[in-house]
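Below, chain A is the first sequence line, B the second, and so on; all start at residue 1.
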Amino acid sequence: MGRKVHDFISKNCNNDFVISTRLITMYAMCGVPLESRFVFDHLERRNLYQWNALISGYTRNDLWGEAVLLFVELLVGENTPDNYTFPCVIKACGGLSCLVLGQAVHGMLIKLGLDSDMYACNSLIAMYGKCGCISDSVKVFDKIAVRNLVSWNAMICGFSENGLKEESFIAFREVLMGEGDLRPDVATLVTILPVCASDGELDMGMVIHGLAVRLGLDHEVMVNNALIDMYVKCGCISDARILFDKSVSQNEVSWNVMINGYSREGNVYGTFCLLREMQMEGETMRANAITILNVLPMCLEQSQLRSLKELYGYTFRNGFEYDEMVANAFVAAYAKCGAFTSASNVFYGMEIRTVSSWNALIGGYAQNGDPRMAMESFVEMTSLGLDPDWFTIGSLLLACSHLKSLNDGKVIHGFVVRNGLGVDSFIGISLLSLYIRCREPLHARIVFDGMEERNLVSWNAMIAGYSQNELPYSVIDLFCKMQQDRIQPSEIAIMSMFTACAQLSALRIGKEVHCFALKENFVEYDFVSSSIIDMYAKSGCIEHSRRVFDKFSFKDLVSWTVMITEYGIHGRGEKAIELFEKMKREGFNPDGLTFIGLLMACSHAGLVEEGLKYFSGMLEEHNIEPKLEHFACMVDMLGRAGHLDYATRLIEEMTEEPDSGIWGALLSACRIHSDMDLGEKVSKKLLELDPNQAENYVLVSNLFAGSGRWDDVRRVRGKMKEMGLSKDARRSWIDVDGKVYNFLIGDDKLPESEKLHETWRELEQKIVRIGYIPDTVSVLHELDEEEKVNILRGHSEKLAIAYGLLKTTKGTTLRIYKNLRICGDCHNAAKLVSKVVHREIIVRDNKCFHHFREGQCSCGDYW
DNA sequence: GTAGGGTTAG
């Protein structure tokens with residue numbers, strides 16, 4: 001129709017200014033800006049109206065570059081732009097996200113004195129928003145004398161695009177409640193609804209839904225679609241579907257949004273049904289490239305490779321595989337399903353490979369278990385002269401962290417610093433995680449402290465990183481700082497706190513965090529619950545652990561395994577077995593880790609027969625191949641029970657080469673049962689296999705010390721010194737009223753040390769009356785008896801017990817943590833003390849728990 | 001001034 005009118009005009013009144021301006025506009029509105037350009041180029045005379053019409057036509061059709069070029073042409077031709085030209089050009093600058101250009105145009109606007117024009121200001125607000133300079137948007141907004149709805153909409157949009165969710169809600173409320181007589185329109189609602197959608201703000205979304213109904217805007221197709229999308233993203237698929245079915249008018253977006261809803265849920269059937277229905281809608285409704293991208297999330301699980309291939313077939317038949325984004329998404333999706341060959345086929349089948357395409361490939365390899373290929377692909381990419389962007393860098397850092405390649409990581413870190421990407425939060429967090437994985441928490445902290453902005457993810461990464469590097473004090477410290485900074489902790493930081501409390505046996509803090517977790521509903525997460533169970537157990541409260549476990553309604557294999565393992569550490573072998581059987585009855589299949597817990601439980605409790613039965617059942621009943629750790633448990637169990645020959649035979653029958661853990665277990669057994677012949681052979685093997693571990697030398701030295709071979713002891717200790725190895729000092733600590741007190745062996749530096757030694761001597765007198773005899777065999781040094789007795793008196797666990805009795809009220813249970821194994825003498829003394837003072841004393845050593853009560857220990861003196 | 005998509009972090 002437009003063309004016919006054009007033909008008529010060409011014949012009759014070609015050079016009329018008004019008519020040719022209208023023609024240019026008409027073609028632009030019909031989505032054919034090339035025709036507008038044709039008209040423009042064939043004009044004999046031009047005025048500003050026609051330049052403006054074409055620039056505006058370009059921006060209407062998202063041809064930002066062309067709009068800006070035409071504007072430059074206009075200036076070169078010594079024309080002066082007017083208040084109609086500027087909004088269009090500024091919009092184009094925003095479209096290009098080109099701040100420098102936008103600022104230049106803004107400067108020109110000021111020079112011409114047009115900077116109080118509302119239309120220009122509204123475009124400026126939007127432009128600065130799109131260029132990430134939201135503070136400049138605010139400045140312009142504040143300066144406008146009279147603001148209209150568009151000014152507010154632009155502001156809301158800018159806040160939302162810059163991730164300032166709260167600010168966009170505040171601006172939205174201003175529109176509703178403000179002095180101006182403003183009513184939200186379609187644009188307002190369509191801008192604010194995605195803010196609700198992106199963060200699951202269902203309540204706010206529903207309020208806006210009600211508002212849309214009252215304003216009579218809910219039947220507008222764009223509003224309706226934004227509402228459907230909001231319900232989908234908030235997880236209310238059925239509500240979304242009701243709106244979708246009720247829609248008065250629909251377009252492709254409506255269908256795509258609904259399909260995306262089913263797809264995100266992993267609902268294969270629902271997704272494909274809707275896709276089929278969409279095709280049956282006929283000519284009016286066509287699937288497009290975005291439809292494909294909306295179906296994709298459904299196929300991202302390992303098991304959905306078939307659906308993914310089917311979808312690729314559909315894509316191919318409809319010619320969408322040429323869409324760059326679709327192709328990139330398939331590369332990433334195939335990689336996620338582990339189908340690297342298909343990913344690479346799609347990738348190398350593409351006509352043009354942009355940096356994004358390379359990112360899809362490199363990211364696919366980095367995330368899904370082939371970090372080496374990620375690095376190789378990067379080399380190939382750079383050899384083609386392509387520069388990495390921050391997505392590429394992020395994936396490379398991930399690959400380095402999987403490879404634990406600190407050196408490559410540092411090279412990339414250098415690149416990041418030189419290119420000023422260090423401020424990007426994604427890159428910062430990726431760097432931080434790299435250093436954490438490479439066990440360089442200090443480096444990680446430097447990156448963390450250097451971040452311009454810290455978000456929840458960066459706090460979590462740093463806190464969880466400390467926990468993974470076994471730095472519990474740092475976890476607690478940073479957690480407190482997080483709260484000072486008013487960052488609301490999430491389930492990940494909470495889990496790290498439980499792990500830290502478990503490492504420290506810090507019961508009091510652990511309980512506080514438990515209250516917090518209950519209040520915030522974090523206990524519903526399986527990994528949080530497992531960490532609570534662990535915290536109570538490691539703080540000596542195994543009954544608390546069981547109570548948490550029983551109350552937890554989403555038990556998974558991990559929680560069962562944790563509970564079984566904790567029973568083992570507490571020497572409650574029968575309980576562990578009982579729970580293991582219950583777990584099987586409830587339909588859970590044990591894995592390798594479950595068996596480590598179970599076998600350790602049998603070992604600690606001396607349940608050799610049961611242990612052997614479960615060990616053989618691993619392969620026979622559960623098809624789990626025993627690994628080195630399982631053999632180590634068995635050797636430990638058999639050795640401690642005195643079956644050294646059986647243990648030796650088991651090692652000989654292993655198909656895998658035994659490691660230092662296994663030889664170490666056998667060596668401990670040799671010491672307990674004073675088997676020097678075997679012990680010496682094993683010592684040799686152990687020190688050959690792993691000569692850099694201090695513990696191994698200590699084991700060997702203790703073997704000799706136990707039978708008084710002091711020359712050999714000196715030889716081994718000398719060797720250890722020569723190697724520059726030292727073992728941790730013997731330490732104990734006790735939690736009194738939430739504060740942790742540390743004790744070293746023979747510690748005289750404590751403020752109350754005189755009082756402590758006195759208390760212990762009084763206790764000693766009391767326990768001597770009921771049969772305590774100092775067990776000087778535990779002193780593995782070449783000294784005379786009296787000196788040995790004195791050394792025994794200074795053992796850190798005795799000091800901790802004395803301190804606990806001094807500082808706590810009658811009846812309080814003492815919970816003590818020892819960093820190495822408790823010695824025989826302290827074990828005996830603790831039993832007797834528990835009897836004379838009528839207190840429960842719980843000692844956690846580096847292997848297991850001892851609950852001393854009324855002269856007995858839960859381990860049955862078997863440890 | 002405006003709705004739907006993919007690639008990086010705990």
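Proximity of residues 356-373 of chain A to DNA chain B (heavy atom under 4.0 angstrom from any strand atom) is restricted to A:S356, A:N359, A:Q367.
For A:N256, the listed nucleotide lying nearest its side chain is B:dG4; candidates were B:dG4, B:dG6, B:dA9. Distance from the side chain of A:S490 is smallest to B:dG10 among B:dA3, B:dG10, B:dG6. Minimum atom distance to the side chain of A:F426 is reached by B:dA9, of the listed B:dA9, B:dG5, B:dT2. Set against B:dG5, B:dG4, B:dA9, the side chain of A:D229 has B:dG4 as its closest nucleotide. Distances were taken from every side-chain heavy atom of A:S433 (C-beta onward) to each of B:dA9, B:dA3, B:dG6; the shortest belongs to B:dA9. Of the listed nucleotides (B:dT7, B:dG6, B:dG4), B:dG6 has the atom at the smallest distance from the side chain of A:M325. The side chain of A:V457 lies closest to B:dG10 when the candidates are B:dG10, B:dG4, B:dT2. Nearest nucleotide to the side chain of A:L398, out of B:dG5, B:dG10, B:dA9: B:dA9. Comparing B:dT2, B:dT8, B:dA3 by their nearest atom to the side chain of A:S395 picks out B:dT8. With distances taken from any side-chain atom of A:A332 to the nucleotides B:dG10, B:dG4, B:dT7, the minimum falls on B:dT7.
In this structure, A:E324 places its CD atom 14 Å from P of B:dT7, rounding to the nearest Å. In this structure, A:I156 places its CD1 atom 11 Å from P of B:dT2, rounding to the nearest Å. As a whole-Å value, the separation of A:R454 CZ from B:dA9 C1' is 16 Å. One can place CG of A:N288 at 14 Å from C1' of B:dA3, the figure rounded to the nearest angstrom. Separating the CZ atom of A:F448 from the P atom of B:dA9 is a distance of 19 Å, rounded to the nearest angstrom. Taking atom CE of residue A:M381 and atom P of nucleotide B:dT8, one finds them 15 Å apart after rounding to whole Å. Rounded to an integer number of Å, the gap from A:D185 CG to B:dA3 P is 13 Å. Atom CE of A:M375 and atom C1' of B:dT8 are 15 Å apart (whole Å).
Taking a 6.0 Å sphere around CD of A:E351, one finds it holds 12 or fewer heavy atoms contributed by other residues, nucleotides or ligands.
Tested against A:W358, the residues A:F378, A:F347, A:F391 include a single ring pair (Phe, Tyr, Trp, His ring centres under 6.0 Å) partner, A:F347. Of the candidates A:V257, A:V253, A:N256, A:V257 is the only one forming a side chain to side chain contact (heavy atoms under 4.5 Å, CB included) with A:D229.
Heavy atoms only, all atoms of each residue included: A:M298 and A:N267 are closest at SD-O, 4.1 Å.
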Just distance, no hydrogens or angles: give the donor-acceptor pairs under 3.5 Å from side chains in residues 474-483 of chain A, sequence neighbours left out.
{"from": "A:D477", "atom 1": "OD2", "to": "A:K481", "atom 2": "NZ", "distance (Å)": "3.4"}

Just distance, no hydrogens or angles: give the donor-acceptor pairs under 3.5 Å from side chains in residues 123-130 of chain A, sequence neighbours left out.
{"from": "A:S123", "atom 1": "OG", "to": "A:Y119", "atom 2": "O", "distance (Å)": "3.1"}
{"from": "A:Y128", "atom 1": "OH", "to": "A:H106", "atom 2": "ND1", "distance (Å)": "2.8"}
{"from": "A:K130", "atom 1": "NZ", "to": "A:E161", "atom 2": "OE2", "distance (Å)": "3.0"}

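Heavy atoms of A:N294 sit under 4.0 angstrom from primed sugar atoms or phosphate atoms, though from no base atom. Within 4.0 Å (heavy atoms only), A:A226 reaches no atom of the nucleic acid at all.
For A:E201 and A:K165, the salt-bridge test passes: some basic side-chain N is under 4.0 Å from an acidic carboxylate O.
Aromatic stacking is not marked for A:F391 over B:dT8, as the cut-offs of 5.5 Å for the centres and 30° for the planes do not both hold.
Note on A:K233: every side-chain N or O is 4.0 Å or more away from OP1 and OP2 of B:dA3.
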Show your working on side chain to side chain donor-acceptor pair (under 3.5 Å) between A:D185 and A:T188 and close with a plain yes or no. CA-CA 5 Å; A:D185 66 357; A:T188 324; 2.7 Å; yes

